[in-house]
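Comments concern the structure below.
First listed ligand is number 1; within each ligand, the first listed atom is number 1.
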Amino acid sequence: MTTCYQLYIGGAWRDATGGATFPAINPVNQQAWADLPQASAEDVDAAVSAAREAFDGGWKDTNGLTRATLMQRLAELLEYDAERMAQLETTDNGKVIRETRVQMRFAARNYRYFAGWADKLQGDSIPLDRPELVDFTTREPRGVAALITSWNSPMAILANKLAPALAAGCTVVIKPSEMASVTTLAFAELCERAGFPAGVINVVTGDSSVGAALTGHPGVDLISFTGGTATGKAISRVAAEHLTPVTLELGGKSANIVFSDADLKQALTGVVAGIFAAAGQTCIAGSRLLVQRDIYDQVVAEVCERAQAIRVGDPRDESTEMGPVATKAQHRRVLDFINRARTQGATLITGGGEPQGDLYTRGYFVEPTVFSDVEPDSELAQEEVFGPVLAIIPFETEEQAIAIANGTAYGLVAGLWTQNLARAHRVARQLQVGGVWVNTYRTNAAQAPFGGVKASGSGRERGLHALDEYLEIKNLMIDLSNEARDPFAIRT
Ligand code: NDP
């Protein structure tokens, strides 16, 4: 049965103006299973106006405790509904249920973490050169935030943005990917039940024209975007017209670097988590595996064995380790990458196509695929595949590993596997990335900042620094003296 969803604007549920809809497709069987509203530019305008009204009409002046209480209630509702939400997300984007369950709890954890900051947004008291001048700062919400998310983890990515936005006192218009919008609309129901005032949280769904209308809207005060690098650049260009600040969480080609002194059992688990979890559809995918030469053959053989043992299947099945990729276009794209890599000198050691069998005929499945002896400057080592395809590259020295790791346009994260603490510090310092994991990979925390450098984006999500994206600093300087001053010379 197909469920029909509506837009959530100004605290009310409504069809898109003109009544257009589009289907949600289950990537396991290509069945349409939900009907979603295709918002118009008019709907986007209504959502931005509702967010503005809510911001000016009181939300920006709510005290932190009120915001924190609402956010804690939202977290509670999400925890209570985690199983239902996880099932919805798994049906929508094909991510395995064992992961979406964890992601719902992690999203709730993020709302709780930022709820803790909502009543602690203090500024600084700043001593100046003149004792008669009193100076201090306040931190004020920036206004209406446009939050644009991608299809691979809609709820987790939204929490990275919405939680600090609400804690800061911003109002929001959310635009999820048309490839996976169901959970965002289901989540808006939870926001409504939590008691957020009308217009604080608005959701518009539809294709990229909705995102374009939103990011180009003059009523938007800041944009937080997660998605591809090309889209991030397009949004930055549009935002420049209104000088709208933008936070960008973009793609990656992250290196997992295994030194010969690593605990190999631990490292191999990190390698598998890095590239085959979520069928490689994560920005943090450890899609390049750099291995020191003296353990290279052993690691290649063991990675191959681990990849072949992965249970690929229906993501709703508890025992499935890897589901399909999320969309038809992504399926084609991943297979094309594999086919090109085969002709570009890399050695295919396992996978390389679609798994065979009845289970797989209707879904967007790709085999866990591993290439060894990949040239660091080849397409497979440079471009983000966003699928379960690992490129293994040998290296001899620490310096070589650093040069290869830094040798792409991206700079999101990196993994280091070594028992040598000095080496871990030395290498981590030289990696051009926003985050380094040592002896772990794909481990997240609400408290730890996350984000990239170079083509992987700018700004940080999660952790205390995320709040800065949604707050402006205002400086207040008060002159306590009644001194006459020279009006034609600046006072210092
Ligand atoms: P896209 O860049 O295609 O889309 C991301 C979002 O932007 C979607 O909601 C999309 O809408 C919307 N959008 C598309 N065009 C525009 C536009 N011109 N103006 C405004 N909004 C627009 O990325 P994907 O959804 O395909 O996600 C995959 C990419 O996201 C990968 O490259 C991945 O690396 C990156 N990613 C980065 C993460 C990070 O934290 N660094 C996390 C997860 C993913 P629609 O889908 O309807 O077209």
Thinking salt bridges, do R142 and E472 make one under a 4.0 Å N-O criterion? yes
Tell me whether E384 has any N or O atom under 3.5 angstrom from an N or O of ligand 1. yes
min-distance protein heavy atom vs atom 12 (C) of ligand 1 -> I148 CG2, 3.8 Å
Per-atom contacts of ligand 1 with G251, taking only distances under 4.0 Å to non-hydrogen atoms: 34 (O)
Heavy-atom count check: over 12 atoms from other residues, nucleotides or ligands less than 6.0 Å from E42 CD? no
For E53, does the CD atom sit with more than 12 other heavy atoms under 6.0 Å from it, leaving out its own atoms? no
Can you tell me which residue and heavy atom of the protein come closest to atom 46 (O) of ligand 1, and the distance to 0.1 Å? S177 OG, 2.8 Å
Has G452 got any heavy atom lying under 4.0 angstrom from an atom of ligand 1? no
So is A234 polar-close to ligand 1, meaning N/O to N/O under 3.5 Å? no
Should you measure from each heavy atom of S150, which atoms of ligand 1 turn up under 4.0 Å away? 24 (P), 25 (O), 27 (O), 43 (C), 44 (C)
Does any N/O atom on L250 come nearer than 3.5 Å to any N/O atom on ligand 1? yes
Other residues, nucleotides, ligands: >12 heavy atoms within 6.0 Å of R332 CZ: yes
Please determine if R340 and E383 form a salt bridge, counting it only when a charged side-chain N lies under 4.0 Å from a carboxylate O. no
For atom 7 (O) of ligand 1, what's the nearest protein heavy atom and its distance? F225 CE1, 3.1 Å
Parallel, tilted or perpendicular for F386 and W151, by the 30°/60° rule? perpendicular
So, does P176 sit close enough to ligand 1 that a heavy atom of it is under 4.0 Å from the ligand? yes
For atom 43 (C) of ligand 1, which protein heavy atom lies nearest, and how many Å away is it? N152 ND2, 3.1 Å
Within the structure, does G227 bring an N/O atom to less than 3.5 angstrom of an N/O atom in ligand 1? yes
How far is atom 23 (O) of ligand 1 from the closest protein heavy atom, and which atom is that? G228 N, 3.3 Å
Just need the protein heavy atom nearest to atom 33 (C) of ligand 1, so name the residue and atom and give the distance. F386 CE1, 3.1 Å
For atom 39 (C) of ligand 1, state which one of G211, A326, C283 supplies the nearest heavy atom. C283
Residue-level breakdown please: for N160 versus ligand 1, do any non-hydrogen atoms fall below 4.0 Å on the side chain, on the backbone, on both, or on neither? neither
Run the numbers for me: atoms of ligand 1, each under 4.0 Å from some heavy atom of I157, listed by number. 42 (C), 43 (C)
Identify which of T231, T184, T149 has a heavy atom lying nearest to atom 6 (C) of ligand 1. T149
Ionic contact status for D45 with R52, cut-off 4.0 Å: no
Could R460 and E469 be called an ion pair, given the rule that one side-chain N must be under 4.0 Å from one carboxylate O? no
Quick one: which of I275, V312, V334, V370 gives a side chain to side chain contact (heavy atoms under 4.5 Å, CB included) with P388? V334
Ring pair (Phe, Tyr, Trp, His ring centres under 6.0 Å) contacts in which one or both residues fall within residues 227-251, not counting sequence neighbours: none
E178, K175, E249: member with heavy atom nearest to atom 10 (C) of ligand 1: K175
Do the side chains of R101 and E318 get close enough for a salt bridge, i.e. N-O under 4.0 angstrom? yes
If you count heavy atoms of other groups shown closer than 6.0 angstrom to CD of E375, is the number above 12? no
Mind checking whether G206 has an N or O less than 3.5 Å away from an N or O of ligand 1? yes
Does ligand 1 come near enough to W151 that some N or O of the ligand is less than 3.5 Å from an N or O of the residue? yes
Can the ring centres of Y111 and F187 be said to be less than 6.0 Å apart? yes
Proximal atoms of ligand 1 relative to S208 (non-hydrogen, under 4.0 Å): 14 (C), 15 (N), 16 (C), 47 (O), 48 (O)
